[in-house]
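Both backbone and side-chain heavy atoms feed into the values below; hydrogens, waters and symmetry mates do not. Just so you know, ligand 1 is whichever comes first in the structure, and atom 1 is the first atom listed for that ligand.
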Amino acid sequence: MNEFIIYNFLKLKTSFLQLNMNAEERIYQLREELNLHTYNYYVLDNATISDFEFDVKLKELEKLEKENPQLFDANSPTQRVGGEITKNFETVTHKNRMYSLDNSYSKDDLLDWEKRIHKVLGTDEVAFTCELKYDGASINLTFENGKFVKAVTRGDGFQGDDVTTNIRTIKSIPLLPNGDFVSDFEMRGEIVLPLDGFRKMNEERLQNGEEEYKNPRNTASGSLKLQDSAEVAKRPLDCLLYQMVTSERKYKTHFESLENARKAGFKVPETISLATSIDEVFEFVNYWDSKRHYLPYETDGVVIKVNNLQQQEELGYTAKAPRWAIAYKFKAEQVSTVLNEITYQVGRTGAITPVANLEPVQLAGTIVKRASLHNADQIEKLDIRVGDTVFVEKGGEIIPKIIAVDFTKRPQNSIPTKYATNCPECNTALVRTAGDAKHYCPNEFGCAPQITGRIQHFISRKAMDIDGLGGETVDLLRKEGLIENYSDLYDLKVEQIIPLERMAEKSAQNMIEGIEKSKEIPFEKVLFALGIRFVGETVAKKLAKHFKSIDNLMAADFETLIAVDEIGDRIAQSIIDFSNDLGNIQLINRLKSCGVQLQVSAESLENQTDKLNGNIFVVSGVFHRLSRNELKKAIEDNGGKVSSSISKKTTYIVAGDNMGPSKLAKAQDLGITIISEQDFIDMIN
Ligand code: AMP
Ligand code: ZN
């Protein structure tokens with residue numbers, strides 16, 4: 001009896017175990033099968049199973065996963081239908097910066113580019129890849145241990161938004177790339193909305209009585225920020241990949257890395273091709289300029305890249321873009337329309353921009369109503385008048401341009417344009433200094449758009465990055481008399497904000513917290529935030545590094561200022577004007593007393609020395625202890641300068657492994673000291 005019970009119990013237990021194991025096995029089997037069908041359908045465009053069969057399998061998997069929650073996997077095919085809601089997309093810093101691309105507009109531009117590359121590399125043996133420039137929203141996909149873990153938008157290139165849950169629903173992205181591929185890497189690509197899918201979406205919207213989407217690109221990028229991932233899953237989005245980033249040195253060329261990415265399951269367009277000269281690049285450009293309209297998605301140009309990855313590394317980056325890549329924009333589309341009126345806009349620095357108000361016209365997928373006229377010179381050059389028929393062009397940029405007037409259609413009684421003499425907002429007489437293309441409204445502290453614009457600039461992401469405070473709120477706070485300038489932000493109290501229109505307690509709280517947190521923003525960003533004319537992000541960085549505090553900067557005279565590398569007359573004068581203004585002095589003093597960082601922190605000062613002052617370095621080859629970027633930063637932090645090509649002015653060459661032979665010859669020729677990575681480290685320690 002006893003034995004019988006034990007026997008039965010054991011039998012039960014084994015069958016239970018077996019059942020469980022079967023479930024696990026079945027889950028893995030189904031996932032693999034469904035992944036394969038998804039790949040066949042969405043990447044290869046070649047269905048191997050009916051929709052119905054697919055759904056049956058997916059349902060089975062769903063059921064099994066529900067019964068076995070311990071086997072949950074965020075990368076399971078069941079997770080691709082979406083459903084998760086994201087209220088706030090978290091800001092994430094990119095591990096590797098996402099640069100933009102330099103543009104070229106002619107074959108000559110490309111030839112110049114090639115020449116520069118030959119010069120920097122010291123060799124003519126450079127092969128290129130040609131890719132189409134897919135027009136959508138850029139995305140960075142992170143894979144760890146061969147698994148998809150994160151998707152982040154480009155944002156400002158340094159940080160973007162985490163849109164992982166939404167991206168997971170895009171079926172052409174393999175969540176578990178297969179085969180013998182690298183395991184830790186980033187894939188960069190473009191989220192696009194293919195034209196067919198876009199048309200279908202619009203047909204549906206029309207049927208539902210909704211307004212049509214304007215163009216595929218904006219709709220694609222808007223889709224990434226939808227809160228409901230199930231909504232994203234329904235959109236026919238696609239992801240075209242164009243770059244792999246990894247520290248594993250498995251592939252020698254860009255082309256090879258993309259071909260292997262394609263084998264691993266990524267959608268790398270077949271259009272990519274190799275070229276050994278700019279002539280061959282141009283053949284590619286010409287071919288696609290006429291054929292691109294047959295592609296299933298929109299493109300706006302060609303991207304040309306140096307194929308060899310080591311050469312890419314040697315070439316490095318400018319402040320904005322890689323030196324090893326360049327974009328070539330296809331010729332823009334043009335239409336003609338009538339100019340109805342010229343109005344004037346006032347920017348945060350008081351700069352006036354004339355705007356052409358046009359008879360609405362369809363152009364490159366959008367309706368154009370306005371175009372910038374830039375400045376008075378431009379108006380004069382075009383000889384543009386109200387009533388004229390004008391040619392409007394749209395390249396990659398969002399704001400269309402007026403190219404020329406169609407003089408054959410000019411009305412007989414047309415009147416030459418007289419540029420505005422007074423500010424459209426505050427009626428102050430406009431000024432224009434010699435050598436400056438723009439007119440300005442000098443009423444800095446009394447002209448509404450300038451006051452609001454300065455505060456909006458102050459809080460913006462690249463400046464004080466104040467969360468919970470948008471442009472409209474700034475307007476509202478100003479109208480309510482709560483703030484007059486950016487230093488007033490720091491006196492705001494939650495109780496003052498809650499009574500405002502559309503302000504909930506939570507958002508008021510967030511806003512005050514955001515303002516409080518901005519006191520930690522480093523000096524270089526604060527300096528940019530102040531909105532001194534001509535002091536952009538890069539200039540602010542330079543000035544912060546050189547002067548180390550606002551007091552030093554404001555005390556500097558013209559000579560001291562222009563002695564700083566890359567600071568010219570125009571910037572120097574603008575800083576002096578700013579520093580001499582009593583209002584600004586008071587503003588700075590208030591920011592100081594609020595605890596805003598107006599000097600470089602002790603921590604970052606600690607790592608900075610003048611040891612390398614006056615020395616110009618060229619960095620070449622592959623390094624072991626420091627990455628190229630760390631090496632360059634170390635040079636700059638210690639007062640040295642980094643240059644990309646060897647010249648008589650070069651003091652040292654820091655040579656790693658595989659320094660190019662022609663570079664070496666040139667260095668020896670000029671008698672420049674070559675040091676190793678270790679020598680360099682010894683030098684600064
Ligand atoms: P831009 O925004 O004009 O500076 O151009 C850079 C952007 O072009 C990148 O952020 C990508 O989103 C996009 N892009 C499209 N196709 C490619 C491609 N084949 N290679 C590199 N970037 C591309
Ligand atoms: Zn004004």
Side-chain angles (χ1 to χ4, degrees), residues 94 96-105 128-141 152-158 160 186-192 216-217 220-221 224 238-245 254-255 257-258 261 266-273 281 284-285 288 292 295 297-307 312 317-322 324-330 344-353 395-398 420-431 438-454:
H94 292 298
N96 299 290
R97 179 170 159 196
M98 291 182 83
Y99 286 85
S100 75
L101 289 168
D102 281 337
N103 283 320
S104 60
Y105 302 92
F128 304 100
T129 57
C130 306
E131 290 162 60
L132 290 167
K133 192 163 190 289
Y134 322 114
D135 203 10
S138 40
I139 195 79
N140 189 42
L141 311 171
V152 181
T153 61
R154 177 165 112 177
D156 63 3
F158 295 98
E186 291 171 13
M187 269 318 272
R188 290 183 175 172
E190 199 82 357
I191 304 292
V192 297
R217 191 222 286 153
S221 74
L224 300 188
D238 213 342
C239 181
L240 308 174
L241 286 317
Y242 56 72
Q243 196 196 346
M244 183 180 71
V245 184
H254 173 62
F255 194 75
S257 74
L258 286 188
F266 290 98
K267 197 164 197 169
V268 176
E270 302 275 353
T271 44
I272 169 171
S273 94
V281 168
F284 183 92
V285 169
W288 284 109
R292 66 191 164 118
L295 287 167
Y297 41 81
E298 284 193 319
T299 57
D300 62 346
V302 169
V303 183
I304 304 114
K305 298 174 188 166
V306 168
N307 189 31
Q312 283 192 3
Y317 300 82
T318 65
K320 283 208 186 108
W324 46 263
I326 198 162
Y328 180 91
K329 295 276 174 82
F330 291 132
Y344 298 85
Q345 264 176 2
V346 188
R348 71 171 163 89
T349 59
I352 306 292
T353 305
E397 53 288 304
I398 296 162
T421 52
N422 292 65
C423 174
E425 301 280 342
C426 70
N427 207 29
T428 307
L430 300 179
V431 293
K438 291 236 173 210
H439 284 72
Y440 286 88
C441 164
N443 187 11
E444 215 176 317
F445 297 104
C447 181
Q450 295 191 56
I451 299 170
T452 314
R454 265 197 307 272

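A 4.5 Å side-chain heavy-atom check between Leu101 and Ile326 finds every atom pair outside the cut-off. At a threshold of 4.5 Å between non-hydrogen side-chain atoms, the residues Cys423 and Val346 count as touching.
Within the protein, the N, O or S atoms lying under 2.8 Å from the Zn ion (ligand 2) are Cys423 SG, Cys426 SG, Cys441 SG, Cys447 SG.
For Tyr242, the ring pair (Phe, Tyr, Trp, His ring centres under 6.0 Å) criterion is met by no residue, not counting sequence neighbours. In this view, Ser221 and Ala137 satisfy the side-chain contact (heavy atoms from CB on, under 4.5 Å) rule, not counting sequence neighbours.
Side-chain contact, Lys438 with Thr353: a donor N or O sits under 3.5 Å from an acceptor N or O.
The closest donor-acceptor contact from the side chain of Asn307 to the backbone of Phe128 lies at 3.5 Å or more, if one exists at all. Using a distance-only test at 3.5 Å, with no hydrogens or angles considered, no donor-acceptor pair links the side chain of His94 to the main chain of Val152.
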Criterion salt bridge (charged side-chain N to carboxylate O under 4.0 Å, His left out) on Glu131 and Lys133, from CA distance to verdict: CA-CA 6 Å; Glu131 290 162 60; Lys133 192 163 190 289; over 6 Å; no
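The cationic atom of Arg217 (NZ for Lys, CZ for Arg) does not lie both less than 6.0 Å from the six-membered ring centre of Tyr297 and within 45° of the ring axis.
The protein residues lying under 4.0 angstrom from ligand 1, judged by non-hydrogen atoms, are Ser100, Leu101, Glu131, Leu132, Lys133, Tyr134, Ser138, Arg154, Glu190, Tyr242, Val303, Lys305.
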